[in-house]
Number of protein chains: 2
Amino acid sequence: MQQLAEGIKMKIQGMLTLSCLLAGSTAVMAKGIVYDAQFGVLEAQHGEKWQAQDKQIEAKLAEIREKNGGKRPNIIYMLVDDLSYGQMGNRKMNHVMGVNTENINQFANESLSLERMYTEPSCTPTRAAMMTGRHPIRSGSSEVKVTLVGEGLSKEEVTIAEVLSEAGYSTAHIGKWHQGDIEQSFPHNQGFDFAAFPAHQQVQLSLMTKEASKANNLFGWHDSMQNNDFIIDDTFRPKGMLTGLEAHKGQKAREVHMPAGHEWSQADYHAMNVRYQEQAIDQLQQLSKADKPFYLQYWPLYPLNFVHDNEQNVSRNGGYMAEKLQLLDTWFGEFLTELDALGIADNTLVILMADNGLMYHYGGPSGLSELIYRGGKTDFLEGGIRTDAYFRWPAAIPSNTAASDIIHVSDLYTTIATIAQATEYIPRDRVIDGINQTALLLEGEKNGRRDYVYVYQGPRLAAVVKDQFKMHMPAPGMPGAAAPVFNVYRDPREENPHIGMALWSGASFQDMMKRHMLTIEKYPHLPLGKGTPYSGVENLRPETKKLVADFMSWQK
Amino acid sequence: MQQLAEGIKMKIQGMLTLSCLLAGSTAVMAKGIVYDAQFGVLEAQHGEKWQAQDKQIEAKLAEIREKNGGKRPNIIYMLVDDLSYGQMGNRKMNHVMGVNTENINQFANESLSLERMYTEPSCTPTRAAMMTGRHPIRSGSSEVKVTLVGEGLSKEEVTIAEVLSEAGYSTAHIGKWHQGDIEQSFPHNQGFDFAAFPAHQQVQLSLMTKEASKANNLFGWHDSMQNNDFIIDDTFRPKGMLTGLEAHKGQKAREVHMPAGHEWSQADYHAMNVRYQEQAIDQLQQLSKADKPFYLQYWPLYPLNFVHDNEQNVSRNGGYMAEKLQLLDTWFGEFLTELDALGIADNTLVILMADNGLMYHYGGPSGLSELIYRGGKTDFLEGGIRTDAYFRWPAAIPSNTAASDIIHVSDLYTTIATIAQATEYIPRDRVIDGINQTALLLEGEKNGRRDYVYVYQGPRLAAVVKDQFKMHMPAPGMPGAAAPVFNVYRDPREENPHIGMALWSGASFQDMMKRHMLTIEKYPHLPLGKGTPYSGVENLRPETKKLVADFMSWQK
């Protein structure tokens, strides 16, 4: 299919029909936003109906604002790391796993459950998709980085935080960020008024520790775990990485709670988690007092965790991630209780979802294993890209409802912008993959505006989802007709590939590929931001400075 | 482990400690019922507490009776064929599968969900376990039979229907029976006042048809599907089997709605399903008018089905079993509506569960596939023996509750007998595996009295479940220490066997085996009933008589 893609690029100039579709996609209801050509196929069939519906929705949103003194809704986006579909918010699944997420289950009962939320298969790409409204391939953010890279989300990207800031929202980010280690990519330079975040992610914070080494979850990194006589390269194992940062918009960042010379430990990781929970609640309290509506992003680090650090585990499961899932549930309950206490719950949209499937590489000891869908983080299988997603907004969304419509995490960008009356700040010079799904949120099931997802695994287009079907790309060199097609209702684990029984779909899937490639040809991908790691941090430790110097020494 | 079993039999005479345990199991709270020695281990630890709790429960049951004019509760047992855990009663799973079991979901919300209901891995053994309160190996009922066998549930077994009849209940059975094709095994000879049931099961009724042959779900059986020139044995493909029977206690059975010479078709199968639904409601109406409390068993044939027979499928899934699951949901809703209309819902215990996991051999086209647990019907894996189980009894069971306690389908026998004040009719001369779980039903989670299940696959002891652990028997000839152990909370799909990490459990599991074998030694298995196929049916068709004659010709 790589050849197919190449072939398509060559032929694109002549494909007038597709060009018309692409043009069409900017016309009907997009108000100038450039969508993928595939969306044009749907717009051509439903655009008029959707325009009429949008007017009703605008009226409904205006009515809600009026009831709230003209104030637009607050928006809280809680994004949990690495949980597969079913692992939070469902009592039955709790019983399967021997955990208890009772607060999240209760929240789910008060919410609209979007049962076909697709994410990207890993942390960085999912978060980039949500922040930019674009498949991460378009912004160069499709890869996950663990240590120093001197790269990150480009300042050219227009994040949802920037869109909302422009439109008059207060914005704050607490917790995992994972969008790069350079100044331009940090959240306070991407639209957030305040941010508290680690420079990297949990592999550094909970796995690259002495405790995780002793727990046999990490090989060879920590000096204490083996004789190091033959190690003659001091730079291969990175030491002295930045940990937690805090910053206000327009200012430099500072590393916090990390004295020079101190060796980071699991205890520090736990303290960081506790701190983010406290800071999330603190931000909630502060933001709720202001006149402006707010957008608060709380992206916890737990449940990712690699060490048993409790005196007594509390779940029946007892796995070191399962325990933190249950703790996170408690914290989420506290956060919601505070939201209630502040008296703003009714007009606050709270979104809770996971960023991708479980980190199944630690299945068993972690306590989290494949549950329904096959695969997990890094996988293009449903287990990698299907997560629980709950939307609660008492003023606007009927509680205890659910929908099977397809939604992609990038849709949050356009949807949130719509709800916040901020779509005018969405850029018009690039492709926006995020579809406005406000109708789905407010009007419920069967009001979704997307029936497809392009599934990237890193930089590779690995699968295409279309309604109940999913095509896996054939192996390199294999013809397109050899691509296996799965029916995700009848075979949720993608174990029984059909070619013969879905032969009618081959050309239709290839048309989808062509439309997508045509869009890319017309609007080429933008590069990832580049720079010096840890630029813009004013208090680097000596060991951190050495690490940066080592890194930069070979960059010239 | 077979060798182990043999070894144990040889040594049993000297095993005084185990004998004491076995004796103990009959002493404390069993009131003379003989349980497996494994239960004695729990009784020794909890017997006193359970005795005290039983007194409270007896008082509670008496109070409910008093409120109902002294009448004991009606009991309805709806047993659905071949559905894996999660496939009915859960909205989230509905979305995964593209079906809608809204009535069952609603019923589940009104019920206690027992989230660790273990069954036997196939239809006949599960139903035998429930009917007799005994692992089917003890009554010879561990195998599934498809066509003529001249065997069935022995008249020596004392079924729950006989127990309840003795205690003054009216009893009726509608639908699938599958306990044998001889007179003594038929339901009206096993305690039911009235029964309408097919002589065999759905393989005959929906798969051994011209329609299923044309749908490519059956090879070689139907004469029309191939050239039959070299077929010189007219008896290998059974033709003329009995279909639906009806009978009253003490009378002969009659085949109904099946004229001589008629070829059974999918339309007949559907009509039979419709008829059983109507008869179930009819029985409900009749039984509700009597003074006596009633026990009504409705064991539908759907969702098992092998042909698309709708003009327009209604589920998003569209598979030929998924469609019937959704139809069954509608029928269950009608049945419950009638129960409400009759004004007896409050003091009627309605149990809804499946008999074993899905028939995964038809995964894909059937629309039902593995969902959470691995495996299905015939398997000792959790996917074969874990099913949804809902218990609704408004007068006694708190609604919308759930419990993770282990329960086995045989426990229904003792539990129902307890609720019906009928335990005195439970036989004392044989092992009863069914534990009284009334406390679990009435007092909820953590009041279960079983933490183990012996998992048979046909006649073979294939696995042992103990709390969150499950040991699979090692391959023949392998040492017991090579037996893989699984943690079903952390690895619900039983994909990551632990030996090293569960080494402490090896001897404990072997002790469980020994106790079980000791019990068998002391109370040997009873034989399956034997006889002439279709004995006791007064209107056999000529083609059926020929079939019986062919069968009997080689039996002498």
Side-chain angles (χ1 to χ4, degrees), chain A residues 85-86 89-100 105 108-109 113-117 315-322 360 362-374 382 386 388 400-405 445 467-468 486-498 501, chain B residues 85-86 89-100 105 108-109 113-117 315-322 360 362-374 382 386 388 400-405 445 467-468 486-498 501:
Chain A
Y85 184 83
N90 188 271
R91 187 178 70 180
K92 198 169 190 84
M93 296 300 107
N94 276 185
H95 283 279
V96 170
M97 297 165 60
V99 298
N100 182 7
N105 301 357
N109 289 340
S113 300
L114 291 186
E115 305 289 21
R116 274 189 87 180
M117 169 62 83
S315 72
R316 288 196 286 276
N317 178 302
Y320 49 67
M321 291 192 199
Y360 67 138
Y362 293 87
S366 76
L368 302 181
S369 298
E370 279 184 15
L371 199 54
I372 300 166
Y373 296 111
R374 191 158 60 97
E382 299 286 286
R386 288 280 290 276
D388 301 305
N400 199 12
T401 53
S404 266
D405 306 70
E445 192 169 56
D467 59 60
Q468 66 187 272
F486 298 81
N487 180 324
V488 298
Y489 284 145
R490 297 197 193 181
D491 176 24
R493 294 185 57 75
E494 294 161 271
E495 288 178 332
N496 303 302
H498 296 305
M501 291 174 85
Chain B
Y85 184 84
N90 188 270
R91 187 178 71 179
K92 195 167 192 86
M93 297 298 106
N94 276 186
H95 284 278
V96 170
M97 297 165 60
V99 299
N100 182 7
N105 301 357
N109 289 341
S113 299
L114 291 187
E115 305 289 21
R116 274 189 87 179
M117 169 62 83
S315 72
R316 288 196 286 276
N317 178 302
Y320 49 66
M321 290 192 200
Y360 67 139
Y362 292 86
S366 75
L368 301 181
S369 298
E370 277 184 17
L371 199 53
I372 299 165
Y373 295 111
R374 191 158 61 96
E382 299 286 285
R386 289 279 291 273
D388 300 305
N400 199 14
T401 52
S404 265
D405 307 70
E445 192 169 57
D467 59 61
Q468 65 188 272
F486 298 82
N487 179 325
V488 298
Y489 284 144
R490 297 198 193 181
D491 176 24
R493 295 185 57 76
E494 293 161 89
E495 288 177 332
N496 303 301
H498 297 305
M501 291 174 85

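In what follows, chains carry the letters A, B, and so on, assigned in the order in which the sequence lines appear, proteins first and then strands, with residues in each chain numbered from 1.
With hydrogens and angles disregarded, no donor-acceptor distance shorter than 3.5 Å links the side chain of Arg490(A) to the backbone of Ser366(B).
Note: Glu445(B) leads Glu445(B), Met501(B), His498(B) in heavy-atom pairs under 4.5 Å with chain A. No other option in Ser113(A), Ala108(A), Gly98(A), Ala322(A) has as many heavy-atom pairs under 4.5 Å with chain B as Gly98(A). Counting heavy-atom pairs under 4.5 Å between each of Asp467(A), Asp388(A), Val488(A) and chain B puts Asp388(A) at the top. When Ser315(A), Ala403(A), Gly363(A), Gly89(A) are compared by the number of non-hydrogen pairs under 4.5 Å with chain B, Ala403(A) comes out ahead. Contact count against chain A (heavy-atom pairs under 4.5 Å) is highest for Thr401(B) among Thr401(B), Asn496(B), Asp491(B). Contact tally against chain A (heavy-atom pairs below 4.5 Å) for Glu495(B), Met93(B), Arg116(B): the top residue is Met93(B). Options Arg493(B), Met97(B), Glu370(B) differ in how many heavy-atom pairs under 4.5 Å they form with chain A, and the most are formed by Arg493(B). In terms of non-hydrogen atom pairs under 4.5 Å with chain B, the most contact-rich of Leu371(A), Asn487(A), Val99(A), Asn94(A) is Leu371(A).
Rounding to the nearest 0.5 angstrom, the gap separating the CD atom in Gln468(B) from the CZ atom in Arg316(A) is 9.0 Å. The CG atom of Asn400(B) sits 8.0 Å away from atom CG of Asn109(A), with the distance rounded to the nearest 0.5 Å. The OH atom of Tyr489(B) sits 14.5 Å away from the CG atom of Leu368(A) when rounded to the nearest 0.5 Å. To the nearest 0.5 Å, atoms CD (Glu494(A)) and OG (Ser369(B)) are separated by 11.5 Å.
With a threshold of 4.5 angstrom between heavy atoms, Asn90(A) approaches chain B through side-chain atoms but not through N, CA, C or O. Proximity to chain A is absent for every atom of Asp405(B), based on heavy atoms less than 4.5 angstrom apart. For chain B, the nearby parts of Ala402(A) are the backbone and the side chain; heavy atoms of each come within less than 4.5 Å.
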